[in-house]
2 protein chains.
Amino acid sequence: MIERIHLEILRAVEEHGSLTAASKKLHLTQSALSHSMRKLEEQLGVEVWLREGRTLRPTQAGEYLLAIANRLVPQLEHAEKRLRQFAEGERGTLRIGMECHPCYQWLLKVASPFLAAWPGVDMDVIQKFKFGGIGALFGYEIDMLVSPDPLYKTGLTFEPVFDYEQVLVVGDDHPLCRARYAKPEQLSGEVLITYPVPADRLDVFTRFLTPAGISPRQHKEIETTDIMLQMVASGRGVAALPRWLVEEYRSRFPVYPVRLGKGGVQKQIFLGIREADADIDYIRAFLEMARSHAKDAFKRARK
Amino acid sequence: MIERIHLEILRAVEEHGSLTAASKKLHLTQSALSHSMRKLEEQLGVEVWLREGRTLRPTQAGEYLLAIANRLVPQLEHAEKRLRQFAEGERGTLRIGMECHPCYQWLLKVASPFLAAWPGVDMDVIQKFKFGGIGALFGYEIDMLVSPDPLYKTGLTFEPVFDYEQVLVVGDDHPLCRARYAKPEQLSGEVLITYPVPADRLDVFTRFLTPAGISPRQHKEIETTDIMLQMVASGRGVAALPRWLVEEYRSRFPVYPVRLGKGGVQKQIFLGIREADADIDYIRAFLEMARSHAKDAFKRARK
DNA sequence: TTCCAAGTGGATGCGTTCGATCATGGCGTT
DNA sequence: AACGCCATGATCGAACGCATCCACTTGGAA
């Protein structure tokens with residue numbers, strides 16, 4: 001078996017010229033190096049060095065093994081470095097699962113300060129799960145789930161981090177443009193634009209239209225928020241989005257938020273993690289930043 | 001220090017599911033595995049597995065280390081194999097990666113004279129890569145890449161070894177059978193048979209149909225050249241293959257090559273190697289034989 | 001549904017084996 | 001002749017194996 005020590009010896013001998021010198025670098029004795037290399041040579045049936053007097057000249061096999069060593073040893077060293085960083089909690093990948101499109105928009109706002117504050121932590125966002133977001137959390141496919149649907153179950157912890165209102169978005173020449181709120185039946189002749197997810201996962205259906213027994217004239221699915229709002233702005237339809245998101249886009253598009261029903265549709269975003277991970281520092285930090293960001297957003301909204 | 005045994009243990013546990021099962025594969029006891037991994041964990045300060053009851057679930061650090069293991073251990077195993085070959089006077093194994101089906105047909109023609117001329121060198125052909133052919137070259141999974149797409153990048157050398165023309169293949173009762181060349185629109189009603197690779201990797205699409213905005217009536221994928229040409233011969237569709245390949249099959253099937261467009265689709269096969277390997281004698285020899293074979297083929301074609 | 005027993009898998013303490021060290025010898029260079 | 005370097009044989013510590021313990025899972029009977 002080629003062991004790491006053999007590769008290290010080859011490199012050290014190449015660098016320092018002799019077994020004795022190499023032994024000092026490797027904090028072993030010259031004897032140990034001699035023994036182990038000879039054993040390897042016996043196992044493989046190949047001489048690694050030609051012993052010419054007191055100098056060691058690599059054979060062809062030795063050159064080959066040296067090339068292997070120069071390639072693999074640095075990788076091992078780098079791996080050790082990274083794992084030690086893991087140990088200090090400063091290294092890892094925070095894999096975040098998303099279960100809703102507005103969540104993604106919200107996440108982007110938290111992500112950049114987090115990445116700045118934790119330069120050692122990478123972030124990955126995953127939106128496709130084999131067995132749903134909860135399954136992904138339990139199955140260690142992700143470390144954090146951003147979702148509007150909390151699940152209080154043993155092993156997981158969900159925490160609300162952001163309250164918002166889901167509103168209707170209309171263009172500036174739309175009849176509802178200046179209305180205090182929209183009634184379900186006022187959408188029966190409209191084109192409703194949503195993200196491409198099943199209707200039973202869309203609040204505008206489950207908490208607004210369906211209870212009133214209303215369907216829109218047409219239901220279009222669009223992936224990106226920008227295009228969606230351009231469609232709305234040009235009078236091609238209406239959409240349902242978080243109010244804070246609409247407010248941000250109002251400077252770029254002539255769109256208006258309209259309350260969905262008299263009381264509006266109130267929503268929360270939850271962050272879920274495994275209880276076992278609750279005391280990982282960068283996970284705590286992410287939760288903390290998510291909460292404080294929510295407060296800031298709230299303050300801005302009251303101004 | 002991360003030793004080889006740690007990497008082996010990680011791989012074996014991943015494969016067999018438990019330390020006990022892994023210990024059998026590694027010809028060690030469960031105790032030894034437990035001891036060494038715990039020592040590594042203490043040295044690095046990182047848990048490699050979460051011990052949840054009697055199951056071992058890799059942590060992020062464990063997953064990371066497993067990825068390292070899956071990359072490095074095969075290289076060590078291959079190195080051992082090669083060194084043993086050295087011991088028996090053999091020279092090594094030339095691992096050739098293929099990125100296109102016609103390349104494989106071409107390779108077969110070069111392989112037999114090479115193996116005859118270099119009895120000490122084995123050959124292995126690999127067609128599945130995790131990170132593409134270039135990645136396999138860089139990652140020392142292969143020593144030579146046969147590909148129609150060269151990549152001139154530091155560390156690698158690509159060299160064209162064979163020019164050929166990609167042609168349409170039709171059966172003897174096909175209207176295009178005696179045509180000087182085919183126009184894209186003449187394929188709009190046809191069944192096009194190709195190897196099972198994405199359309200954007202097929203020249204008949206990228207350099208013939210797609211520029212003209214044409215799609216075939218149907219697109220079928222078939223793995224083997226023989227079956228493909230039998231389909232073509234029986235009038236079940238048309239295919240696109242190298243001209244020299246079609247010429248060889250014409251003695252066995254009633255099939256005809258037809259130029260793709262007025263100018264035809266001209267192609268080259270490239271051989272790529274690592275620059276570091278450029279002066280290994282049998283690699284130079286292979287390149288030389290590949291070039292000379294191309295010349296012979298050219299001469300034969302002119303007869 | 002609850003309980004218990006059997007079976008399985010990981011952790012751990014202690015004895016043995018293997019590898020590193022030490023001491024020494026051989027050989028070539030200076 | 002003296003020094004430096006590698007090789008080799010005998011002693012000491014670390015790693016492996018054995019036996020055992022403990023935790024968890026499973027299946028069947030109460």
Side-chain angles (χ1 to χ4, degrees), chain A residues 1-59 61-63 65-66 76 80 138-140 154-155 274-276, chain B residues 1-59 61-63 65-66 76 80:
Chain A
M1 283 291 168
I2 300 173
E3 298 297 333
R4 177 173 185 172
I5 188 62
H6 301 123
L7 306 181
E8 299 272 11
I9 293 171
L10 271 158
R11 279 162 59 87
V13 168
E14 166 79 4
E15 188 184 352
H16 296 102
S18 77
L19 272 187
T20 310
S23 70
K24 274 161 198 147
K25 176 175 182 185
L26 297 177
H27 306 293
L28 289 170
T29 59
Q30 172 273 131
S31 171
L33 272 51
S34 178
H35 279 301
S36 4
M37 289 310 289
R38 184 148 297 264
K39 187 179 168 190
L40 179 71
E41 288 177 330
E42 278 165 18
Q43 280 179 358
L44 297 175
V46 179
E47 298 271 296
V48 170
W49 291 301
L50 292 175
R51 278 80 169 175
E52 295 180 338
R54 67 195 213 181
T55 61
L56 301 177
R57 195 172 48 180
T59 61
E63 293 282 4
L65 203 52
L66 179 60
L76 289 171
E80 281 164 3
F138 273 120
Y140 285 76
T154 50
R274 286 179 296 272
E275 275 173 2
Chain B
M1 282 294 155
I2 300 172
E3 297 297 334
R4 177 173 185 171
I5 188 63
H6 300 124
L7 305 182
E8 299 273 10
I9 293 172
L10 270 160
R11 279 161 60 87
V13 167
E14 166 79 3
E15 189 184 352
H16 295 99
S18 76
L19 271 187
T20 310
S23 69
K24 276 162 196 148
K25 178 176 181 185
L26 298 176
H27 305 293
L28 290 169
T29 59
Q30 173 268 328
S31 168
L33 272 49
S34 180
H35 280 302
S36 13
M37 288 310 290
R38 186 150 296 270
K39 187 180 167 193
L40 179 70
E41 288 178 330
E42 277 165 17
Q43 280 179 358
L44 297 175
V46 178
E47 298 271 296
V48 169
W49 292 302
L50 293 176
R51 278 79 167 173
E52 294 180 341
R54 66 198 216 180
T55 61
L56 301 177
R57 186 203 295 282
T59 60
E63 294 281 3
L65 202 52
L66 179 61
L76 289 172
E80 281 164 3

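Chain naming here is simple, since letters A, B, ... match the order of the sequence lines and numbering starts at 1 in each.
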Practice problem: Starting from C1' on D/dC22, measure out to CG on B/L19 and report it in whole angstrom. | Solution: 16 Å
Quiz item: Would you say a side-chain N or O of A/R38 is under 4.0 Å from OP1 or OP2 of D/dT8?
Solution: yes
Exercise. Could you state the atom-to-atom distance from CE of B/M1 to P of D/dA14 in whole Å?
Key: 17 Å
Quiz item: With respect to B/L40, which candidate in B/H35, B/H6, B/M1 satisfies the side-chain contact (heavy atoms from CB on, under 4.5 Å) definition?
Solution: B/H6
Quiz item: Once each nucleotide of nucleotides 21-30 of chain C is scored for protein heavy atoms under 4.0 Å, what B/S/- sequence comes out, 5' to 3'?
Solution: BB-----BS-
Self-check item: Intermediate values then yes/no, side-chain contact (heavy atoms from CB on, under 4.5 Å), A/R4 and B/R4
Solution: CA-CA 6 Å; A/R4 177 173 185 172; B/R4 177 173 185 171; 5.9 Å; no
Quiz item: Touch check for A/S34, heavy atoms < 4.0 angstrom, all strands: base, sugar-phosphate only, or nothing?
Solution: base
Exercise. Output, in order, the C-alpha distance, side-chain angles, deciding distance and verdict of side-chain contact (heavy atoms from CB on, under 4.5 Å) for B/L28 and B/I5.
Key: CA-CA 10 Å; B/L28 290 169; B/I5 188 63; 3.7 Å; yes
Practice problem: Could you tell me the separation between the CZ atom of A/R4 and the P atom of D/dA15, rounded to a whole number of Å? | Solution: 15 Å
Quiz item: Hey, is the side chain of A/T20 poking within less than 4.0 Å of OP1 or OP2 on D/dG4, counting only N and O atoms?
Solution: no
Quiz item: Closest heavy-atom contact between A/S23 and A/Q30?
Solution: CB-N, 3.4 Å
Quiz prompt | Protein-nucleotide distance (B/K24, atom NZ; C/dT8, atom C1'), rounded to Å | solution = 10 Å
Exercise. To the nearest Å, give me how far apart CG (B/L56) and P (D/dT25) are.
Key: 13 Å
Quiz item: Minimum heavy-atom separation for A/A21 to A/S18, with atom names?
Solution: N-OG, 3.0 Å
Quiz item: Which whole-number value in Å describes the distance from A/I5 CD1 to D/dA15 C1'?
Solution: 15 Å
Practice problem: Grab the CG-C1' distance between B/L26 and D/dA15 for me, whole Å please. | Solution: 15 Å
Exercise. Identify whether the distance between the nearest side-chain nitrogen and carboxylate oxygen of B/R11 and B/E15 falls below 4.0 Å.
Key: no
Quiz item: Between A/L10 and A/M37, is a side-chain contact (heavy atoms from CB on, under 4.5 Å) present by the stated rule, with each step listed?
Solution: CA-CA 9 Å; A/L10 271 158; A/M37 289 310 289; 4.2 Å; yes
Quiz item: What integer distance in Å separates B/M37:CE from C/dT12:P?
Solution: 15 Å
